[in-house]
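Working notes for the structure below.
Letters go in sequence order (proteins before strands), and every chain restarts at 1.
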Amino acid sequence: MSEVRVRFAPSPTGLLHIGGARTALFNWLFARHFGGRMILRIEDTDTARNTPEAVAIIFKGLRWLGLDWDEGAQEGGGNLGDYGPYYQSQRSELYQKYAARLLAADQAYREADGAIRFRMPRTPGVVRDLICGEITFDRTTEPDPTIVRKDGTPVFHFVNVVDDMEMRVTHVIRGEDHLSNTHKHIAMFEALGALPPRYAHIPLILNPGGSKMSKRDVGASIGEYIEQGYLPAAVRNYLCLLGWSPKDNREVIGISEVIEKFDLPQINRGNARFDLNKLYWLNGEYWKALTADEYHAYAKNYLQQRGVSVGGIDAQYLAGVFDIVREKIKLGRDLPDWVEPFFNEEFAYDEKSLMVTLREPEARARIEKLSAAFGTVGEWTAARLEETLKALAAADGVKAGAYVHPCRAGVAGRAVGPSLYHMLEVMGQERVLARLRRTLTMNF
RNA sequence: GACCCUAUCGUCUAGAGGCCUAGGACACAUCCCUUUCACGGAUGCGACACGGGUUCGAAUCCCGUUAGGGUCGCCA
């Protein structure tokens, strides 16, 4: 096989769609597996929604997923590679040239209003798809597709073919929604005297309701995952599993291994429904697998992006807080809330800690005893604090929980949170005692 | 409506004629662990769409039906 050249050709719609992201991923995987080249072409012929911001969202999403490209459109509007420009909006002359050529050869004709139509061959259209197999389309009643509108702008099917030809694309890997149109593309290649690329149509991603995932569906945009603090490797791993499988019962699989094993024939033919639950679980697996440094850097960065300033906080304290919170959550989204009571002395008391715990008749007395005992505890470690608290409970003949709950509520204002003793250890004696004292002065 | 694709637990999938009383994962349920919430561990629930063939034998091959999805644009 000569050098593999694949392309991902998104149109700027304002978001990077999850289906598009998977198409990009499969193209990328194929290119990397065969040592080929990945090309990014921006299909921005629809001028209405073509804005620099919309294009930037595509770059951002691909970069975030770790999908790089060897050739094509670049951030800032640049082009990299010998077959550019890679923005269709900058290739109008080329399309005009090829339309004229088709017209001259009578393979296309002009309508009264100026639009140009391609003369469809009336022979059966045969598509040999690398995933779907050989399919034959009857074209006896197929209308001639428009390739240039009456206003002179070229139509998608035509520019797609011209660009794939000009850019020497060898394999077109795209969504199955294009399968029924592929014979038209092949006919255009042939009319232009070019060899068509090999086609591979991958199944669609359906929403939980079972229809094609649209931009309005929850989870449809890669931007959502960035914002919610999903880990890119987890999202990428999940996308790999939609229509492809390592076939050995593993779910968590490193990208280099996917590259090694990936090939087109093993891709499933049936559409797959999107399951946010499984992605969430998978993200948890990657969350746990992060090294301490990676996790700390991620947490700090995410919080800052969410407008939570952690700049002035002692690095060691910050790391301690991050560490005890980590095992309780699965993604960045939960970080701000879990971390809040550690950084903010004005933390809010949630309803449950207030109503159920702090208003209990014995709560006040227990917090007083806790204050006294913690004030003279000596070594401020989780183990020592646990011992101290349990001794208090034992002396009263009650379960540890009777002390744990008011303590947690008083110190963090929450009914749920990280392991209490570790939380106290991280917070430090001074802060804990101050908060307990303050709780006593409050009127619930 | 015409054409095309697809059809294994609720979901993602393993399965390419006997290894299948169909395996794994998510979700769900129960139990264990436990100060909460998670995590983890154990167990359970749960599928070959239906009908015909072919074959000694079919989840696997063929045909039909049904269902789902897609395409039929001077959208991409």
Side-chain angles (χ1 to χ4, degrees), chain A residues 9-13 20 43-46 48-50 88 111 113-117 125 127 129 131-133 135-139 141-143 145-160 175-184 201 203-206 208-212 238 241-252 266 268-282 284-285 287-288 325-330 334 338 352-353 356-357 386 389-390 393 399-409 412 414-421 423:
Chain A
S11 50
T13 59
E43 308 222 324
D44 53 356
T45 51
D46 184 0
R49 31 183 203 183
N50 171 26
Q88 287 183 336
E111 295 275 30
D113 64 6
I116 302 174
R117 284 181 185 270
V127 176
D129 192 272
I131 294 171
C132 303
I135 305 157
T136 303
F137 294 85
D138 173 40
R139 299 151 147 177
T141 58
E142 187 77 33
T146 301
I147 56 175
V148 178
R149 299 182 189 95
K150 66 181 170 206
D151 67 2
T153 58
V155 171
F156 164 77
H157 297 290
F158 179 56
V159 297
N160 205 259
E176 199 201 8
D177 47 349
H178 288 106
L179 185 57
S180 302
N181 288 321
T182 299
H183 71 95
K184 299 176 194 173
H201 288 88
L204 268 18
I205 298 179
L206 271 25
S211 53
K212 191 173 159 184
Y238 177 72
L241 261 22
L242 243 33
W244 179 87
S245 132
K247 304 200 186 293
D248 57 6
N249 284 344
R250 279 179 310 151
E251 315 289 324
V252 180
Q266 331 133 11
N268 291 149
R269 318 267 295 282
N271 297 336
R273 286 191 204 207
F274 180 77
D275 181 9
L276 192 57
N277 253 325
K278 188 146 183 178
L279 205 204
Y280 182 67
W281 167 79
L282 199 51
E285 297 300 298
W287 184 260
K288 283 184 280 189
V325 140
R326 176 178 182 172
E327 59 183 5
K328 300 293 172 180
I329 59 180
K330 285 184 182 171
D334 296 330
W338 278 72
K352 195 178 176 198
S353 62
V356 179
T357 309
E386 179 170 1
L389 182 147
K390 283 184 171 167
K399 288 196 286 189
Y403 274 85
V404 168
H405 297 304
C407 184
R408 176 190 300 287
R414 307 289 167 93
V416 301
S419 161
L420 177 70
Y421 312 115
M423 181 162 86

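- Taking atom C1' on both B/C74 and B/G70, the two are 22 Å apart, rounded to the nearest angstrom.
- Residue contacts shown for A/His201 are absent, as no nucleic acid heavy atom lies under 4.0 Å away.
- Using Watson-Crick or G-U wobble geometry with both donor-acceptor distances under 3.5 Å, B/C37 finds no partner in any strand shown.
- By the salt bridge (charged side-chain N to carboxylate O under 4.0 Å, His left out) test, A/Asp248 is found to be paired with A/Arg250, A/Lys261, residues two or more places apart in sequence or in another chain being considered.
- Rounded to whole Å, the C1' atom of B/C37 lies 49 Å from the corresponding atom of B/C75.
- At the heavy-atom level, A/Pro418 lies under 4.0 Å from base atoms of the strands shown.
- When heavy atoms are screened at a 4.0 angstrom cut-off, A/Gly175 is found touching no nucleic acid atom at all.
- When heavy atoms are screened at a 4.0 angstrom cut-off, A/Lys247 is found touching the sugar-phosphate backbone but no base atom.
- With sequence neighbours left out, A/Pro10 forms a side-chain contact (heavy atoms from CB on, under 4.5 Å) with A/Phe8, A/Leu40, A/Ile42, A/Ile58.
- B/A22 sits 23 Å from B/A29 when the C1' atoms are compared, rounded to a whole Å.
- The partner of B/A29, taking Watson-Crick or G-U wobble pairs whose two distances both stay under 3.5 Å, is B/U43.
- A/Gly417 comes within 4.0 angstrom of a nucleotide base, judged by non-hydrogen atoms across all strands.
- Nearer the 5' end of RNA chain B, as judged by each residue's closest nucleotide, is the contact made by A/Cys132, out of A/Trp281 and A/Cys132.
- Using a 4.0 Å heavy-atom cutoff across all strands shown, A/Lys399 reaches no nucleic acid atom at all.
- Within 4.0 Å of A/Asp248, counting heavy atoms only, lies no atom of the nucleic acid at all.
- A salt bridge does not link A/Lys150 with A/Glu111: every distance from a Lys NZ or Arg NE/NH1/NH2 to an Asp or Glu carboxylate oxygen is 4.0 Å or more.
- Remark: the separation of the C1' atoms in B/G24 and B/G46 is 14 Å, to the nearest Å.
- Taking CG of A/Asn160 as the start and NZ of A/Lys184 as the end, the distance is 12.5 Å to the nearest 0.5 Å.
- Residue A/Tyr280 is classed as having no contact, given no heavy-atom separation below 4.0 Å to the nucleic acid.
- Where RNA chain B meets chain A (any atom under 4.0 Å from a heavy atom), the bounding nucleotides read 5' to 3' are B/C4 to B/A76.
- Checking B/G1 for Watson-Crick or G-U wobble geometry (two distances, each under 3.5 Å) identifies B/C72 as its partner.
- Partners of A/Tyr421 by ring-ring contact (aromatic ring centres under 6.0 Å, His included), not counting sequence neighbours: none found.
- At the heavy-atom level, A/Leu420 lies under 4.0 Å from base atoms of the strands shown.
- Contacts of A/Ala115 with the nucleic acid, taken as non-hydrogen atoms under 4.0 Å apart, include base atoms.
- The partner of B/G64, taking Watson-Crick or G-U wobble pairs whose two distances both stay under 3.5 Å, is B/C50.
- The residue A/Ser419 sits close to a base: some heavy atom pair falls under 4.0 Å.
- The base-pairing partner of B/G18, taking Watson-Crick or G-U wobble contacts with both distances under 3.5 Å, is B/C56.
- In this view, A/Asp177 and A/Leu204, A/Lys212 satisfy the side-chain contact (heavy atoms from CB on, under 4.5 Å) rule, not counting sequence neighbours.
- On the P atoms, B/A59 is 16 Å away from B/U54, given to the nearest whole Å.
- Contacts of A/Tyr403 classified as ring-ring contact (aromatic ring centres under 6.0 Å, His included), with partners at least two apart in sequence or in another chain: none.
- Residue-to-nucleotide proximity on RNA chain B shows that, of A/Arg269 and A/Arg117, the 5′-proximal contact is made by A/Arg269.
- Taking the six-membered ring where tryptophan is involved, the planes of A/Tyr238 and A/Phe274 are perpendicular, since the angle between them exceeds 60° and thus also 30°.
- Note on A/Arg408: a base of the nucleic acid sits closer than 4.0 angstrom, heavy atoms only.
- Here the separation of B/C26 from B/G40, taken at their P atoms, is 8 Å to the nearest Å.
- Here, B/C50 and B/A58 have their P atoms 15 Å apart, quoted to the whole Å.
- A/Glu251 comes within 4.0 angstrom of a nucleotide base, judged by non-hydrogen atoms across all strands.
- Nucleotides B/A27 and B/U65 place their C1' atoms 33 Å apart, quoted to the nearest Å.
- The structure places SG of A/Cys132 at 5.5 Å from CD of A/Glu176, a figure rounded to the nearest 0.5 Å.
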